[in-house]
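Before any comments, here is the structure.
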Amino acid sequence: MAKKKTEELKKKLSYENKNGWKLKETSKDKVFDFAETYKDFLQTCKTERETVEYVKREFDKRKKKQDFFIINRGKNIALVRLGKKSGMKLVASHIDAPRIDIKQNPLFEETEIALFHTHYYGGIKKYQWFNIPLAIHGVVIKSNGEKVDINVGEKDNDPIFVIPDLLPHLSHKLVDDKKVKDAFEAEKMNLIVGSIPFDDEEKEAVKLQVLSILNETYGITEEDFISAELEIVPAMQPRDVGFDRGFIAAYGQDDRICAFCSKEAFFDAKKNSKTVVALMIDKEEIGSDGNTGAKSRFLMDIVIEILKAQNIDATLENVSEFLKNSEVLSADVNGAVNPMYKEVHEKDNASYINHGVVMTKFTGHGGKYMANDASAEFVGKIRKIFNDANVNWQTGELGKVDEGGGGTIAKYLASWNMEVIDCGPALISMHSPYEISSKTDLYETYKAYKAFFED
Ligand code: MN
Ligand code: MN
């Protein structure tokens, strides 16, 4: 009897976080079906521009009658549904991902091979990008101003591109004996784009052959690269991982997993008191600068459009009032514990894959530098919303206190005097060309954002 009482007391007083597969509220079939839609989204959306286009197409099919969207320069989109109360419920994700960009003067020939010079974008481990199948996505603006879309490497019969690594037999001095951060030079990350010489030409004939194919296919010339944004991304498709198919491996899940869940939650939300907004931002991976990053005034445009739609004058006073009453989930991923590298985490404050959506009170590094650090009141409010909606959630810091760290757009959004907390699933191998997520976490993230919108 005493033993039973102790057990009851322990259950009542202790905090325990559960593996999502052990919860019975949602059927496995439903979770797996949801994951299939997600995989399709990831395969189509490998750049910020492609994501905006995809979400816009879907909006046209799934919008409710008063809904509207705002697009900023083809790289940000905000889906808006008006509410009666002042302020908004904003779920803000980012749709750029670590990748390799090509330089503005990319094409050169060396030992009769044509290559592109590249410039990596965001925090990558360079070695992960050698000798994997790569695709080229993006736009070229021609001298007459015309825009050409390029997307090569995704279809089964497309060619792919490769950054060639050095064979192990000759790697000793140049690679193996160096520290990893010095062993792979950015200037050696060049992409093979051609190998056949142009007929009747002696000098740089392979380069000319590539230029000639590009001109035939896209009508572009060498100078047009200067006004191009061509992104090199993994050509691999999203795939299930493991005999049980519980995980998904795919490129760009940081942070398109949150973008996907936010749009699904937006379209499916059954009610709302405040205005709800699903916002997708660019440039997070390089510090949120630029006119499409979270530091741009695009957020202000959204607020002004909402106030206009509500017949409220967008005076400074009204805008400030609206922002003050706004609540934000900074929808971004966390780093899940990798079983082989547990030592970079402190186990009681780490996030675990399969254990639900992660609430991160603060990110940053060291003594909470560069952190938003959500208030206890707001954390309490979100926790209640999630508990009331039976969302499987956990809390987690990004690694041990002095291990490293990282940031999100939370602090930029909080600077507008809104309540902000980071909230998204935890990934294994974040920022790699093939990141790993969990199907149950994907579904719980969707449930979390939907509950937040419906509150
Ligand atoms: Mn992110
Ligand atoms: Mn990231």
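Counting starts at 1 for both ligands and their atoms, following the listed order.
Within the 2.8 Å limit, Cys258 places no N, O or S atom next to the Mn ion (ligand 1).
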Taking it one step at a time, do Thr275 and Gln310 satisfy side chain to side chain contact (heavy atoms under 4.5 Å, CB included)?
CA-CA 10 Å; Thr275 294; Gln310 292 176 322; 3.3 Å; yes

Point to revise | Test salt bridge (Lys or Arg N to Asp or Glu O under 4.0 Å) applied to Glu50 and Lys75, step by step | key: CA-CA 9 Å; Glu50 288 167 355; Lys75 296 176 179 179; over 6 Å; no

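A side-chain donor-acceptor contact under 3.5 Å links His431 and Asp254.
When the Mn ion (ligand 2) is compared with the N/O/S atoms of Asp254, atom OD2 turns out nearest. The name of the N, O or S atom in Asp332 nearest to the Mn ion (ligand 1) is OD1.
Between the side chain of Ser438 and the backbone N or O of Asp441, at least one donor-acceptor pair lies under 3.5 Å.
At the Mn ion (ligand 2), the angle from OE2 in Glu285 to NE2 in His431 is 100° when rounded to 10°.
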